[in-house]
Structures are given as C-alpha cells and as structure tokens.
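First the structure, in the form of structure tokens, and then the observations on it.
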Amino acid sequence: MIEAALEIEALKKRYGEIVALDGVDLTVPRGEVIGLLGPNGAGKTTLVSIVCGLRRADAGTVRVCGIDALADPQSARGHIGLAPQELGVYPIDSVHQNLRLFGELCGLRSANLQSQIEAVSAALRLTDLMDRKAGELSGGQKRRLHTAIALLGEPHLILMDEATTGADVETRAALIQVVRDLAGRGSSVLYSTHYLGEVEDLEARVVIIDNGRIIAEGSITNLIAGNGGSIVELVFNGKAPILRGLDVTVDESVVRVRTEDPGREMGAIFAALGDEARHLQSVEIINPSLETVFLELTGRRYEPEENVDVMAS
Amino acid sequence: MSWRRSWALIRHELKALNDDPGSLVFLLIMPLLMMGLMKPLFGLSLQADGFVGANGAEQAVPGMAAMFVTFTGSFAGFTFFREHGWHTWDRLRASQATTPDIMVGKLAPTMTIAVAQMVALFALGVALFDLVIVGSLAALSMIVIGFSLAMLSFGMAITSLSRTSLQLNTYVNLAGIVFAGVGGALVPITVLPEWVQSAGRFTPTYWAMDGFLDVILAGAGIADVVVPTLVLLGFSAIFTAVTALRFRFEESKVYVA
Ligand SMILES: Nc1ncnc2c1ncn2[C@@H]1O[C@H](COP(=O)(O)OP(=O)(O)O)[C@@H](O)[C@H]1O
Ligand SMILES: [Mg+2]
C-alpha cells in the first residue's frame with residue numbers, strides 16, 4: 001500500500017491556556033482533495049503550520065509522504081507546497097521574480113524552472129502580469145500569485161490555508177479550478193476554509209474541525225445523509241415556549257425543529273405554538289446542507305466570523 | 001546547506017538593495033560630509049599629539065567610516081523585519097531553504113555592503129581628503145573585515161533581542177553613536193577623559209580605530225594588527241552567540257513600514 005500524502009495522528013497543540021488542537025487525526029490520501037472546514041479559531045492554521053514545521057506540536061505524529069515531519073521537517077518540506085493564510089509575496093519584485101525566487105528555493109533550475117513558472121502562471125491566470133510588480137497587483141491577483149508560489153515544483157502535498165481570503169469572483173473560481181485540476185493530476189490538497197459554500201463547490205471529501213477537534217468527516221452527501229433532514233429554526237422574543245409532539249432542540253430563545261419535510265411540518269409547528277406565536281421573531285428553514293450537519297453536531301449555527309479572531313500570526 | 005539556494009536568496013537581497021539606492025547613497029554621502037567638516041579640527045588635534053605632517057584625514061576618514069558602518073549593521077536586521085512585514089518569512093521557512101541557507105542568503109549581501117562601504121570611504125578619503133596610508137593595505141583590510149563582521153553580528157544580536165523594527169533602529173543607532181564616541185571614532189581618543197578611554201576598550205570601535213590609526217599613521221603591517229583583528233573577531237563571536245541563543249525562527253516580529 002502506498003502511504004498517504006499526509007497522515008496526522010493525535011496531534012495536540014496549546015498556546016498557553018488556549019487549546020488549539022485537541023487530538024486531531026486526519027488523513028489526506030494520495031491524489032485527493034480534502035476540504036478542512038471550520039469556523040475562525042477552530043485550529044486550521046495551527047494544523048497547517050505544524051505540518052510544514054512552522055510551529056511545534058505538543059504531541060502526536062505527522063507523516064508527509066511517509067516521512068516523519070516532526071522529526072525531519074526539512075525532508076518533509078521537499079514534498080510540501082504551502083500557501084499560507086497571510087498573503088506573502090515580495091511587493092518590490094515582479095510576478096516573475098517572485099516565482100523565480102521560490103522556484104529556485106524548490107531546487108528548480110534553467111529550463112525546468114522556466115517551464116514550471118509558465119505552468120503555474122497559466123493555471124492561475126498570471127501570464128499577462130509577469131512583469132508587474134507584485135505590490136501593484138489587485139488583491140485577487142496577489143492571491144493568485146501567492147497561491148501559484150505554492151504549486152511550483154509540483155509538490156505531492158499542497159496546503160492551502162484560506163486560499164480565497166479577500167479574493168474576487170474570478171480569483172475564487174480560478175483557485176477552485178486549480179485545486180480540482182491538481183487532484184486530477186495526482187496531487188493531494190488540503191484546502192482549509194471557513195466558507196461552507198466553498199467546500200461544497202470543491203466537491204471534495206470534507207473534514208469538519210471545531211475547537212481543535214475533528215467533529216465529522218466524509219463526502220458531503222454522506223455527511224448530510226447521516227445528519228438528519230431540514231431544520232426549521234424559530235427565534236422568539238424572550239424564552240422559547242415548549243413545543244410538544246415535535247423533534248425539537250431548545251436553546252434559550254431559539255427552537256429548532258428537525259424534519260424531513262419542512263413545508264408540511266409548518267402546519268404542525270404553528271398548531272403546537274398556538275398563542276405563543278405572538279412572541280415569534282423569525283422563522284427560517286435550513287435545508288439539508290453542511291450547515292445542518294454543523295448545527296446537528298455542535299448545537300450551534302455555523303457562524304464563521306463569530307469568534308472574532310486575530311488573523312493567525 | 002545548499003549554495004544554490006543561498007545564492008538565490010543573495011541575488012534576491014542584492015536586487016532589493018539595487019532597487020532602493022537611496023539608503024546606500026546615505027551610507028556614503030553622510031560620512032563624506034562629516035569627514036570634510038571634521039578634518040581641519042582633527043588636523044590640529046593630531047599635530048598637537050606630535051603627528052606633525054597630519055592633515056586630519058588620518059582620523060576623519062577611518063572615524064567616520066567606522067561610525068557609519070554601524071547603520072549598515074542595523075540594515076542587516078531590518079531585512080529580517082521586512083520579511084515579517086511582507087509575511088514572506090514563514091514562506092521562506094516553509095521552503096526547502098535550510099536555516100543556514102537563509103542566514104547566509106540574507107547576511108552575505110549586508111556583509112558585502114559593509115565592506116564595500118568602508119573600502120569606498122577609504123578610497124574616497126584618499127581621493128578627496130588627501131588621506132595618506134603609510135602602512136600595509138592588507139593590514140587595513142583585516143581591520144575592515146573584522147570590524148564589518150563585528151558590527152553586522154552586533155546588528156543581528158540586537159535584532160534577535162528586538163520585537164519591533166523601531167527597537168532595532170533605536171538600539172543599534174544609539175549604540176553606533178556611543179561606540180563611535182567612546183571608541184575614538186567621533187573624536188580622537190586622546191582628547192577623551194581617562195575613564196572614557198578605558199571604557200572604550202569594551203567597544204569594537206575602539207579596536208578598529210586602534211588598528212586603523214596604527215596602519216595609517218604608524219605604518220603598521222599585518223603582524224601589528226593581529227591583536228585588534230582577533231579582538232574584533234572575539235566581539236563577533238560574542239554577538240553571534242547572543243544571536244544564536246536568542247534568535248527565534250518562529251517568532252513573529254513587528255515591522256512598521
Ligand atoms: N500565536 C498564537 N498565540 C496564541 N494563540 C493563538 C496563536 N495562534 C492561534 N491561536 C489561537 O489558537 C486557536 C486556533 O487558531 P487558528 O489555528 O489560527 O485557527 P483557524 O485558522 O481555524 O482560524 C484560536 O483560539 C487562536 O486564537
Ligand atoms: Mg486560520
């Protein structure tokens with residue numbers, strides 16, 4: 001059996017009192033894309049940073065293409081292309097010079113270097129921007145350059161941390177297309193994001209991380225199938241009333257009704273509510289999606305921006 | 001350690017320097033102006049000390065060169081802070097470049113600049129201020145290299161102790177002036193009080209000036225500057241040890257543009 005591109009076991013990391021990773025297991029098989037989904041502060045950047053040796057783990061193992069990345073980060077890096085969360089390009093250099101420097105650091109030279117630069121810049125639509133200074137590019141163009149750098153040298157494992165932060169629609173589409181193409185050509189990608197919609201567009205296997213723990217993984221279809229149907233969410237002024245005869249969870253002023261058929265269930269909900277309907281503030285139907293999966297697993301709505309997070313330093 | 005990776009980084013640093021010649025000009029123009037200003041005064045002082053034929057360039061040229069090479073030392077640290085500001089530091093670390101590759105790649109260009117700056121200042125001193133170097137040029141070069149190394153490693157030690165680029169600048173520039181003052185670069189050491197002269201021995205600048213003046217005025221050769229050169233290398237070793245102990249590769253520094 002060929003080893004996975006990335007195998008993480010029981011990975012732990014704390015920053016003082018804050019537990020960033022609380023025993024994470026995660027595997028990225030060769031040639032697969034894994035969408036690592038989690039709200040801000042879930043631990044995605046910490047995980048990615050440990051894999052490429054930028055931060056130290058407290059416990060656990062990390063293997064990159066069979067290499068113990070914690071013991072021998074230098075060898076592991078030979079297989080990794082990282083696009084960090086923070087945009088990191090040399091603003092005083094042209095697009096070409098940026099690609100050239102990082103290509104050379106990958107060990108690429110002459111014709112090989114040139115063809116790699118051409119390949120990644122074509123994939124990320126940078127070909128017409130080669131002589132522009134990176135500092136003078138638009139936000140989306142910078143993001144594309146930033147990502148292109150990670151693809152130089154055809155690394156086996158590509159780590160993309162919040163690749164679409166601040167990206168325009170064109171860039172986002174280009175990035176998602178690139179990830180799919182990479183997988184098609186046998187690369188493995190760990191794509192971290194806090195956007196639900198993005199993992200859905202990737203059509204990849206999803207690993208959901210929350211508070212430093214993996215809470216679910218699988219294909220989107222299976223995850224949704226395994227975690228109930230739609231949810232009708234009722235928000236009240238003040239404390240929520242008790243609804244009998246329905247599959248509900250109550251959270252202060254919020255009642256969530258689990259149902260296979262929300263349209264039909266409405267009648268029963270309002271019948272059960274009776275007079276209490278006066279206190280109703282809003283009603284929302286949440287169709288089966290990663291959103292309902294997250295809600296089911298954590299009891300919280302998926303609010304990526306909820307915990308105001310310092311951009312991971 | 002891979003020379004090819006270091007070389008890629010060196011070329012990249014040199015290009016950045018080349019794109020921003022303003023600061024380099026400052027490193028040459030300012031000391032030249034100071035040399036012109038100080039020369040007559042130093043001439044009188046040297047003559048009073050018994051160097052009858054001295055015109056003042058003998059003190060002004062090495063003195064100002066020694067003072068201004070300090071700023072090149074802080075420049076070395078600045079290039080690290082800049083990487084943090086651009087968020088490229090983590091990218092370099094996550095690349096296949098090793099720690100030595102990165103250190104050599106970033107420091108070799110600054111070391112070259114420091115040496116080139118001093119060589120240029122001595123050459124311009126000869127051309128513009130009638131500096132006469134009586135002793136051996138090889139001996140002079142030994143001091144130039146030893147002192148550049150000492151000031152560069154001093155800059156790196158302060159870099160490793162600073163969290164912000166403002167701290168780095170403040171400390172290195174302050175130290176540069178203090179070193180130059182008590183080390184006999186800003187004014188001839190002989191005019192300073194006794195206790196300052198003894199304190200001066202604890203600065204690299206004192207030993208550099210000792211070597212320079214020995215070569216320029218007293219015609220010293222290689223054998224005569226072995227001691228100051230070794231002392232300068234000793235300073236470099238101490239500063240490098242501080243850097244090695246304190247430099248945190250994973251630390252995120254604050255760079256304010
Ligand atoms: N350098 C750090 N020092 C202290 N706490 C940190 C640091 N980096 C991240 N954290 C904390 O660790 C947790 C996980 O952060 P992070 O890995 O950046 O999550 P994500 O990338 O999913 O947003 C958060 O609570 C965050 O505040
Ligand atoms: Mg993050």
Side-chain angles (χ1 to χ4, degrees), chain A residues 15 45 48-56 64 69 73-94 97-110 113 133-135 142 145-147 149-150 152-153 155 157-159 161 310-313, chain B residues 1-24 75 78-106 108-109 163-165 247-257:
Chain A
Y15 300 102
T45 298
V48 165
S49 305
I50 290 174
V51 171
C52 31
L54 295 177
R55 293 182 203 177
R56 290 200 184 90
V64 174
Q74 200 59 42
S75 305
R77 281 181 196 138
H79 296 281
I80 300 175
L82 166 72
Q85 176 169 343
E86 296 279 359
L87 201 62
V89 296
Y90 289 101
I92 57 170
D93 290 346
S94 70
Q97 286 160 341
N98 268 284
L99 291 170
R100 176 173 159 179
L101 173 68
F102 285 104
E104 286 172 335
L105 293 182
C106 286
L108 296 169
R109 334 170 35 193
S110 41
L113 175 64
K133 274 213 188 336
K142 274 188 202 143
L145 170 59
H146 172 83
T147 309
I149 290 171
L152 287 163
L157 175 65
I158 294 153
L159 304 170
D161 193 8
V310 274
M311 295 287 264
S313 45
Chain B
M1 165 107 215
S2 145
W3 288 110
R4 193 169 294 139
R5 292 199 175 93
S6 290
W7 177 236
L9 288 164
I10 288 171
R11 240 191 10 236
H12 184 248
E13 273 318 308
L14 289 175
K15 191 201 139 287
L17 284 165
N18 193 39
D19 285 355
D20 179 22
S23 46
L24 295 185
F75 185 78
F78 167 79
T79 69
F80 285 82
F81 281 93
R82 195 168 59 178
E83 298 278 350
H84 285 278
W86 290 337
H87 299 292
T88 44
W89 181 242
D90 273 354
R91 282 212 108 139
L92 285 185
R93 286 177 55 219
S95 78
Q96 289 174 52
T98 61
T99 302
D101 293 342
I102 296 176
M103 286 313 230
V104 170
K106 292 196 70 67
R163 224 185 98 63
T164 69
S165 62
F247 196 89
R248 297 275 175 275
F249 262 78
E250 62 271 29
E251 187 175 52
S252 57
K253 303 250 183 201
V254 180
Y255 164 76
V256 188

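Below, read A as the first sequence line, B as the second, and so on, with proteins coming before strands; counting in each chain starts at 1.
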Query raised in the report: chain B: which of A:Ile80, A:Ile92, A:Leu54, A:Val89 shares the most heavy-atom pairs with it under 4.5 Å?
Result: A:Leu54
Report summary line: Sorted by chain and number, sequence neighbours left out, side chain to side chain donor-acceptor pair (under 3.5 Å) with B:Arg11 holds for A:Glu104
Report task. Using non-hydrogen atoms and a 4.5 Å limit, figure out which bit of A:Ile149 sits close to chain B: side chain, backbone, both or neither. Result -> both
Query raised in the report: Can you list the residues that meet the salt bridge (charged side-chain N to carboxylate O under 4.0 Å, His left out) rule with B:Glu83, with sequence neighbours excluded?
Result: B:Lys106
Report task. Measure up the A:Phe102 and A:Tyr90 rings against each other and bin them: parallel (under 30°), tilted (30 to 60°), perpendicular (over 60°). Result -> parallel
Requested in this report: Below 4.5 Å from any heavy atom of chain A, which atoms of B:Arg4 appear? Answer side chain, backbone, both or neither.
Outcome: side chain
Report task. Start with the C-alpha gap between A:Leu105 and B:Arg91, add the side-chain angles, then the distance that decides, and say whether side chain to side chain contact (heavy atoms under 4.5 Å, CB included) holds. Result -> CA-CA 11 Å; A:Leu105 293 182; B:Arg91 282 212 108 139; over 6 Å; no
Requested in this report: Tell me, for A:Ala76 versus chain B, whether the close heavy atoms (under 4.5 Å) come from the side chain, the backbone, both or neither.
Outcome: neither
